[in-house]
Amino acid sequence: MAEVYVRVAEEENEEPMEIPSEDDGTVLLSTVSAQFPGACGLRFRSPVSQCMRGVRIVEGVLHAPETGWGNMVYVVNYPKDNKRKMEEIDASSAVKMKRGDMKTSDLIVLGLPWKTTEQDLKDYFSTFGEVIMVQVKRDGRSGNSKGFGFVRFTEYESQEKVIAQRHMIDGRWCDCKFPNSKQGPDEPLRSRKVFVGRCTEDMTTDELRQFFMQYGEVTDVFIPKPFRAFAFVTFADDQVAQSLCGEDLIIKGVSVHISNAEPKHGNRQFDRTGRFGNGFGTVSFCTFLKKTRHWKLLTVLGNFIILYIFLHSGSRTSPFSFCKSN
DNA sequence: GTTGAGCGTT
């Protein structure tokens with residue numbers, strides 16, 4: 001098929017812009033959104049029914065109506081425009097709906113221009129729906145952007161749209177993805193305690209307790225001192241704890257990340273015996289040491305103790321004679 | 001003051 005230009009405009013009666021189609025006659029959504037940032041589709045007024053019709057779109061590829069693109073003016077769809085339409089689309093793809101859990105999570109935004117600010121991000125992404133969190137990651141000293149950031153939407157639909165396409169932000173193509181920190185659906189561990197990462201210093205135990213109460217009874221909140229940007233929250237019900245694992249929750253405007261309190265390679269067999277509790281038992285203590293990088297220190301200390309024993313073994317009958325009382 | 005694939009002061 002010869003190259004065809006499709007006439008696209010923001011509104012029906014506005015001056016259209018000609019958008020190039022692909023060799024197969026389709027039009028890529030990315031081509032449209034390059035000119036109309038935030039676009040999620042096209043619609044047109046049917047000459048027959050005089051009703052607005054949506055252009056078929058499959059995985060970011062727009063397909064011409066049966067009669068071809070023609071000379072009609074196609075109007076850009078934005079996610080905000082018509083929520084009812086979004087729900088219809090969701091209902092028609094019920095299979096996909098069941099698969100997803102419909103919960104929003106932080107998305108990483110890769111490829112940001114150095115100059116892009118959080119306000120820029122918020123302005124851009126608000127065209128997809130309500131934005132509840134944006135971050136631009138910066139170097140602590142210089143304040144320079146690291147070229148990536150995070151965004152979180154209220155609506156799951158907004159998130160879906162944003163992931164599905166590339167984004168032209170301040171002149172650069174950016175990608176939005178699930179961050180690596182989001183653990184997939186692996187086998188659940190049965191701890192009642194969760195690890196709360198990315199805490200800020202102003203979060204108190206009371207505030208954390210108040211916040212997590214909404215999910216279930218909280219039996220303990222532990223914040224290490226001095227400040228180390230994480231906390232432990234223990235629930236009465238392990239199912240509550242597990243249901244939160246992998247989630248990004250927003251506390252006082254800060255996105256914290258919930259994960260299992262036990263490490264993945266942890267010594268699970270001891271837990272199952274019930275001989276070690278979930279509080280400050282031996283296993284948990286070792287886990288804590290490993291997580292906080294004190295493990296190596298302890299190992300070094302142990303080596304020194306062994307060295308001490310051997311150095312003093314010459315004057316005694318046994319290397320362990322210092323253990324004896326007489 | 002520089003850069004351009006990545007992953008959030010655990």
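All values reported here derive from a predicted model rather than from experimental measurement. For the numbers below, each heavy atom of this structure counts, side chains included, while hydrogens, waters and symmetry mates do not. Residue numbers start from 1 in every chain, and the chains themselves are labelled A, B, ... in the order their sequence lines are given, proteins ahead of strands.
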From the list dA5(B), dG8(B), dC7(B), which nucleotide is the closest neighbour of the side chain of W114(A)? dA5(B)
How is L112(A) classified with respect to the nucleic acid when contacts are heavy atoms under 4.0 Å: base, sugar-phosphate, or nothing? base
How many Å lie between NZ on K115(A) and P on dG4(B), as a whole number? 19 Å
Spacing of D106(A) atom CG relative to dC7(B) atom C1', expressed in whole Å: 12 Å
Quick one: R141(A) CZ to dT2(B) P, roughly how many Å, whole number? 16 Å
ring-ring contact (aromatic ring centres under 6.0 Å, His included) assessment of Y215(A) paired with F235(A): CA-CA 9 Å; Y215(A) 302 104; F235(A) 291 94; 7.1 Å; no
Going by heavy atoms in the side chains, are H167(A) and F128(A) under 4.5 Å from each other? yes
From the options dC7(B), dG8(B), dG1(B), select the nucleotide whose nearest atom is closest to the side chain of M133(A). dG8(B)
With respect to the side chain of N144(A), which nucleotide from dT10(B), dT2(B), dG8(B) is positioned closest? dT2(B)
5' priority, DNA chain B, between K137(A) and L110(A) [closest heavy atom]: L110(A)
note: L107(A), atom CG; dG8(B), atom P; distance rounded to Å ~ 15 Å
In whole angstroms, the gap separating C1' of dC7(B) from CG of D248(A) amounts to 12 Å
Taking the side chain as C-beta and beyond, is there a heavy-atom pair between W114(A) and T116(A) under 4.5 Å? no
In whole angstrom, give the distance that lies between atom CD of Q135(A) and atom P of dT9(B). 7 Å
Sorted by position of nearest nucleotide on DNA chain B, 5' first, the leading residue of S255(A) and S142(A) is S142(A)
For I251(A) and dG8(B), give me the distance from atom CD1 to atom P, rounded to whole Å. 19 Å
Quickly work out the K146(A) NZ to dT3(B) P distance and round it to whole Å. 18 Å
What pairs meet the ring pair (Phe, Tyr, Trp, His ring centres under 6.0 Å) rule with one or both residues in residues 34-53 of chain A, with sequence neighbours excluded? F44(A)-Y74(A)
Please give the remaining members of the hydrophobic cluster of V61(A), linking ILVMFWY side chains under 4.5 Å, ordered by chain and number. L28(A)
Going by 5.5 Å between centroids and 30° between planes, is there a stack of F150(A) over dG8(B)? yes
